[in-house]
Number of protein chains: 2
Amino acid sequence: MLQLTKRTEYGLLALVHLADREGAVASVREICERFPLPKRTVAEVLKDLQHAGLVDSIRGSSGGYTLARAPEQVTLGDVVRALEGAPPLTTCESPIVLKGGGCEVQPMCPIKSPIQRVRERLWQMLEHTTLRSLVSKGSHVSLGALGAVESN
Amino acid sequence: MLQLTKRTEYGLLALVHLADREGAVASVREICERFPLPKRTVAEVLKDLQHAGLVDSIRGSSGGYTLARAPEQVTLGDVVRALEGAPPLTTCESPIVLKGGGCEVQPMCPIKSPIQRVRERLWQMLEHTTLRSLVSKGSHVSLGALGAVESN
DNA sequence: GCAATTAGCACCTTTTGAGTGCGCTTTGGA
DNA sequence: TCCAAAGCGCACTCAAAAGGTGCTAATTGC
């Protein structure tokens, strides 16, 4: 269903929060106090983002996460790739070619199926959308004015 | 997993085939002889495209489908909407707002979550990609040179 | 009338997504 | 020194979505 998963949504919100903090450490608890998200799942997501090198983690009692790069340097593609896995762009999966037999391994395929082209456009968009562009406009509206959430 | 479903893939291939035929009737069998796709599933997809008004159907022994509009007039958005359902763009689902209570019904929401913006960009891309742009370049390579497929 | 085709519905199976259980490690501070 | 708060890692369950198939009409050209 051509849409972002919850994991990616959570990841983006977390990254937005970290971007707002500009280098300061933010814990999962803090993020879930700002946004009403399931703590554990957000923790899983942050962990994955850490593995992908998008955030740094600080362990210990006053630990948490920080952005590993500037918001301009983080793209939607990075986030989606970290949380949903990379698209199968490397392998040619045009049914036409598969039917002819072979290809699978071939690095450069002469036939590009329509689907392949759509995928390319999609990922071009993702790679060109930065975290900064998601944070910058309008997202600061009264976020701190909302109360805390239960310890979910 | 932020990717097109098989149904959409099949639908696009079918539409590409119909576009190549320029108004001529093409049956599901014919489409599945060109592309090695599961006949029944393709039939389901074509049916849905017919309901969405993207193709016209002709019943009977020499029946099949034709494009209901010119390839320039069919967008990726149309196809995805027909086969995967429309995106929840109308309802504001920012967790921030939901937490504050309300919104759900409000037609115009002042707070736009990052996810909302991503969705908008995604659908802008889909709406601006026409079937023509997927057909026009490079897709005509030796498609007729491949043998038929078993009656799957 | 027969064969080829679309129409409609219901069902099954597999995969994916979301969330949780549970215990471990790290670290700051009382 | 101990404890609470935080991250780490794995595995597991539950539900929803995706993909495909069975079966039975209805339509229409030959």
Side-chain angles (χ1 to χ4, degrees), chain A residues 1-11 13-14 18 24-33 35-52 54-66 68 80 82-85 87-88 93 95 115 150-152, chain B residues 1-14 18 24-33 35-66 68 80 82-85 87-88 93 95 115 150-152:
Chain A
M1 240 278 284
L2 199 52
Q3 77 175 26
L4 298 176
T5 63
K6 295 275 184 197
R7 286 170 54 82
T8 302
E9 293 198 10
Y10 299 167
L13 288 173
L18 293 181
V25 177
S27 67
V28 170
R29 181 187 49 73
E30 181 183 319
I31 293 170
C32 292
E33 275 168 3
F35 307 110
L37 308 177
K39 210 169 172 180
R40 285 290 308 279
T41 305
V42 172
E44 292 289 326
V45 167
L46 263 302
K47 205 196 321 179
D48 290 346
L49 291 178
Q50 194 261 315
H51 285 153
L54 296 183
V55 300
D56 293 323
S57 72
I58 295 97
R59 301 182 63 165
S61 96
S62 60
Y65 295 91
T66 59
V80 173
L83 298 178
E84 307 187 20
E93 43 184 1
I115 292 94
E150 64 285 349
S151 63
N152 47 5
Chain B
M1 234 274 287
L2 195 54
Q3 75 175 24
L4 299 174
T5 63
K6 296 275 183 196
R7 284 170 55 82
T8 302
E9 293 200 9
Y10 300 168
L12 283 176
L13 288 172
L18 293 180
V25 177
S27 67
V28 171
R29 182 187 49 71
E30 179 183 320
I31 293 170
C32 291
E33 276 169 1
F35 306 110
L37 307 177
K39 210 167 172 182
R40 286 291 308 280
T41 306
V42 171
E44 291 291 324
V45 167
L46 263 303
K47 206 194 319 176
D48 289 346
L49 291 178
Q50 195 263 315
H51 284 154
L54 296 184
V55 300
D56 292 325
S57 72
I58 296 97
R59 302 182 63 165
S61 97
S62 59
Y65 295 91
T66 58
V80 172
L83 299 178
E84 308 187 19
E93 44 185 0
I115 293 92
E150 65 285 348
S151 64
N152 45 5

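So that the names make sense, note that chain A is the first sequence line, chain B the second, and so on, each numbered from 1.
Contact check for A:V28 versus A:Y65: side-chain heavy atoms found under the 4.5 Å cut-off. Residues A:V55 and A:T66 have side chains not in contact (no heavy-atom distance under 4.5 Å, counting atoms from C-beta outward). When side chains are defined from C-beta on, B:T5 does not count as touching B:L83, because their heavy atoms never get closer than 4.5 Å. At a threshold of 4.5 Å between non-hydrogen side-chain atoms, the residues A:R7 and A:E84 do not count as touching. Using a 4.5 Å cut-off on side-chain heavy atoms (C-beta onward), A:L2 and B:T8 make no contact. Side-chain atoms of A:I115 and B:L13, non-hydrogen and from C-beta on, do get closer than 4.5 Å to each other.
D:dT21 atom P lies 12 Å from atom NZ of B:K39, rounded to whole Å. Counting to the nearest Å, the C1' atom of D:dC10 and the CG atom of A:D48 are 13 Å from each other. Atom CD of B:Q3 and atom P of C:dT16 are 9 Å apart (whole Å). For the pair A:L4 CG and D:dA17 C1', the interatomic distance rounds to 17 Å; values are reported in whole Å. Taking atom CG of residue A:L37 and atom P of nucleotide C:dG19, one finds them 9 Å apart after rounding to whole Å. Between the CG atom of A:L46 and the P atom of D:dC8 there is a distance of 9 Å, rounded to whole Å. What separates CG of A:L13 from P of C:dA18 is a distance of 13 Å, to the nearest Å. Atom-to-atom, CG of B:D56 to P of C:dT6 comes out at 14 Å; the value is rounded to the nearest Å.
Here the shortest heavy-atom pairing between B:E30 and B:V25 reads OE1-O, 4.0 Å. Scanning all heavy atoms of the two residues, the minimum distance from B:V45 to B:G11 falls at CG1-CA, 3.6 Å. Listed here is the closest heavy atom pair of A:G63 and A:S27: O-CB, 3.9 Å.
Helical stems in DNA chain D, defined as runs of 3 or more consecutive Watson-Crick or G-U wobble pairs with both donor-acceptor distances under 3.5 Å, are listed by first residue as C:1-30 with D:1-30.
A donor-acceptor contact under 3.5 Å is formed by the side chain of A:K47 with the base of D:dG9. Between the base of D:dG20 and the side chain of B:K6 there is no donor-acceptor pair shorter than 3.5 Å.
The side chain of B:Q50 places an N or O atom within less than 4.0 Å of a non-bridging phosphate oxygen (OP1 or OP2) of C:dA7. At the phosphate of D:dG19, OP1 or OP2 sits under 4.0 Å from a side-chain N or O atom of B:T5. Contact annotation: B:H51 side-chain N/O to C:dA7 OP1/OP2 distance is not under 4.0 Å. OP1 or OP2 of C:dA7 has at least one side-chain nitrogen or oxygen of B:S57 nearer than 4.0 Å. Note on B:Y10: every side-chain N or O is 4.0 Å or more away from OP1 and OP2 of D:dG19. Regarding contacts with the backbone of D:dC8, a side-chain N or O of A:Y65 is found under 4.0 angstrom from either OP1 or OP2. Taking 4.0 angstrom as the limit, A:R29 places a side-chain polar atom (N or O) nearer than this to OP1 or OP2 of D:dA6.
Nearest-nucleotide positions on DNA chain D place A:A43 closer to the 5' end than the other of A:A43 and A:L2.
Here B:L4 contributes atom CG and B:L12 contributes atom CG; the two are 6.5 Å apart, rounded to the nearest 0.5 Å.
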Checklist line | Nucleotide-resolved protein contact map, nucleotides 22-30 of chain D, B/S/- at heavy-atom distance under 4.0 Å | finding: BB--BBBB-
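Contacts of B:S27 with the nucleic acid, taken as non-hydrogen atoms under 4.0 Å apart, involve only primed sugar atoms and P, OP1 or OP2.
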